[in-house]
Amino acid sequence: MTNTNHSENTETSRKKKDTVIISQYQYTDVLMQEVEDAWAMHAYRNYISLIIITLICAFFTWRESASRKTALAVLFAVVGIICLAAIIASFISISKKKLTAVKQFHETYHGKGFEYVITIEGNRIRSYKDSVPGVDLRKNDIRGTFESDRFFVFQLTGGQLLPLKKDAFVKGNIETCRSYVPQLKR
């Protein structure tokens with residue numbers, strides 16, 4: 001029985017080391033805009049969840065503490081205003097980052113884009129823009145993932161996005177990407 005578990009663990013380790021994903025496609029302004037829009041929506045959803053959780057907590061606390069309603073009302077008003085201000089500031093910041101990234105991309109590549117090759121071999125993640133090396137990181141540099149209609153995107157250290165186009169896999173597929181970092185929130 002111990003040997004079975006050991007051989008299963010060895011097989012799982014081997015699979016993770018042997019993961020090979022290659023995505024190759026022309027990354028254009030339109031595709032970049034789609035990735036940035038998906039990133040912004042992903043970020044916005046996190047704030048919407050925060051608002052909903054805050055409102056639910058406020059409702060149940062208000063309902064249960066009849067003798068301290070005034071103090072709780074003031075507390076939740078202050079917390080609500082601070083949360084609202086933080087959310088508005090984040091929305092503005094995210095929108096500015098998105099617009100800046102799209103503008104910079106367009107100016108850098110003159111509307112033509114570039115040939116994007118992304119390779120994942122074991123724990124190494126590399127990208128190439130028109131055959132010039134770009135990202136060269138390890139699996140533990142992945143901070144999150146999200147998807148759009150056409151992309152599976154790794155969020156990397158330093159706020160970088162690494163978009164793999166779902167229909168451009170030379171090796172691997174979308175399921176391989178999803179299982180590459182299963183512990184991360186999508």
Side-chain angles (χ1 to χ4, degrees), residues 2-49 94-95 97-186:
T2 307
N3 290 340
T4 305
N5 287 339
H6 178 66
S7 65
E8 288 175 7
N9 289 340
T10 304
E11 184 65 28
T12 303
S13 299
R14 191 177 307 129
K15 275 186 176 180
K16 286 182 181 177
K17 287 181 182 177
D18 293 342
T19 299
V20 176
I21 300 169
I22 300 174
S23 179
Q24 181 176 2
Y25 60 94
Q26 187 69 22
Y27 196 50
T28 62
D29 286 1
V30 172
L31 297 179
M32 200 276 191
Q33 179 74 46
E34 180 182 328
V35 169
E36 289 295 321
D37 287 344
W39 168 76
M41 286 306 299
H42 178 72
Y44 295 156
R45 282 189 198 120
N46 292 336
Y47 290 110
I48 291 169
S49 300
I94 289 168
S95 294
K97 284 179 186 178
K98 182 178 88 169
L99 292 174
T100 301
V102 170
K103 182 180 177 186
Q104 183 180 5
F105 182 88
H106 182 74
E107 289 173 357
T108 302
Y109 298 103
H110 311 291
K112 297 177 186 175
F114 56 85
E115 183 70 18
Y116 210 2
V117 178
I118 299 165
T119 64
I120 299 172
E121 297 178 51
N123 288 328
R124 299 296 293 189
I125 302 167
R126 295 183 177 106
S127 73
Y128 303 89
K129 296 176 181 179
D130 289 332
S131 301
V132 176
V135 169
D136 186 2
L137 299 170
R138 297 199 179 275
K139 183 178 180 177
N140 61 354
D141 291 315
I142 298 172
R143 297 293 173 239
T145 64
F146 64 90
E147 293 184 49
S148 71
D149 290 339
R150 292 191 284 185
F151 287 94
F152 182 90
V153 182
F154 289 112
Q155 295 174 288
L156 304 173
T157 303
Q160 294 178 324
L161 301 177
L162 193 63
L164 288 92
K165 197 165 181 236
K166 291 179 178 178
D167 65 356
F169 287 100
V170 176
K171 275 191 176 178
N173 57 38
I174 191 63
E175 292 306 319
T176 310
C177 290
R178 288 182 183 132
S179 65
Y180 185 63
V181 282
Q183 73 278 13
L184 291 176
K185 180 184 171 192
R186 286 188 194 41

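Throughout, residue positions are numbered sequentially from 1 according to the sequence presented. Computed from a prediction, not measured in an experiment: that's the story for all the values here.
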All N/O donor-acceptor pairs, side-chain side in residues 112-119, below 3.5 Å, sequence neighbours left out:
residue, atom, partner, partner atom, Å
Glu115, OE2, Gln24, NE2, 3.2

With a 4.5 Å heavy-atom cut-off, do Tyr27 and Lys129 have their side chains touching? no
Got a sec: does the NZ of Lys97 have more than 12 other heavy atoms crowding it under 6.0 Å? no
List in chain and number order the residues that pass salt bridge (Lys or Arg N to Asp or Glu O under 4.0 Å) with Glu36, two or more places apart in sequence or in another chain; answer none if no residue qualifies. none
Provide the closest heavy-atom pair for Asn123 versus Tyr180 in the form atom of the first, atom of the second, distance. CA-OH, 3.7 Å
Residue set satisfying side chain to side chain contact (heavy atoms under 4.5 Å, CB included) with Ser95, at least two apart, ordered chain then number -> Tyr44
Nearest-0.5 Å distance, CH2 of residue Trp39 to CD1 of residue Ile94: 5.0 Å
OG1/Thr176 to CD1/Ile22 distance, rounded to the nearest 0.5 angstrom? 11.5 Å
Quiz: residues 99-107 side-chain donor-acceptor pairs under 3.5 angstrom, not counting sequence neighbours:
residue, atom, partner, partner atom, Å
Thr100, OG1, Lys96, O, 2.8
His106, ND1, Asp29, OD2, 2.3

Distance (rounded to the nearest 0.5 Å) between Ile21 CD1 and Lys171 NZ: 11.5 Å
By side chain to side chain contact (heavy atoms under 4.5 Å, CB included), which residues pair with Val132, not counting sequence neighbours? none
Do Ile142 and Leu156 touch side chain to side chain, with heavy atoms closer than 4.5 Å? yes
Atom pair CZ/CZ of Phe152 and Phe146 - distance to nearest 0.5 Å: 9.5 Å
Identify, with sequence neighbours excluded, every residue that meets salt bridge (Lys or Arg N to Asp or Glu O under 4.0 Å) alongside Arg124. Asp136
Without placing hydrogens or testing angles, list every side-chain donor-acceptor pair under 3.5 Å for residues 159-166, not counting sequence neighbours.
residue, atom, partner, partner atom, Å
Lys165, NZ, Asp167, OD1, 3.3
Lys166, NZ, Glu147, OE1, 2.9
Lys166, NZ, Ser148, O, 2.9

Can you list everything that forms a side chain to side chain donor-acceptor pair (under 3.5 Å) with Gln33? Sequence neighbours excluded, please. Asp37
By side chain to side chain contact (heavy atoms under 4.5 Å, CB included) - contacts of Glu175 (at least two apart): Asn173, Arg178
Kindly give the heavy-atom pair with the smallest separation between Phe169 and Ile174, and that separation in Å. CE1-N, 3.6 Å
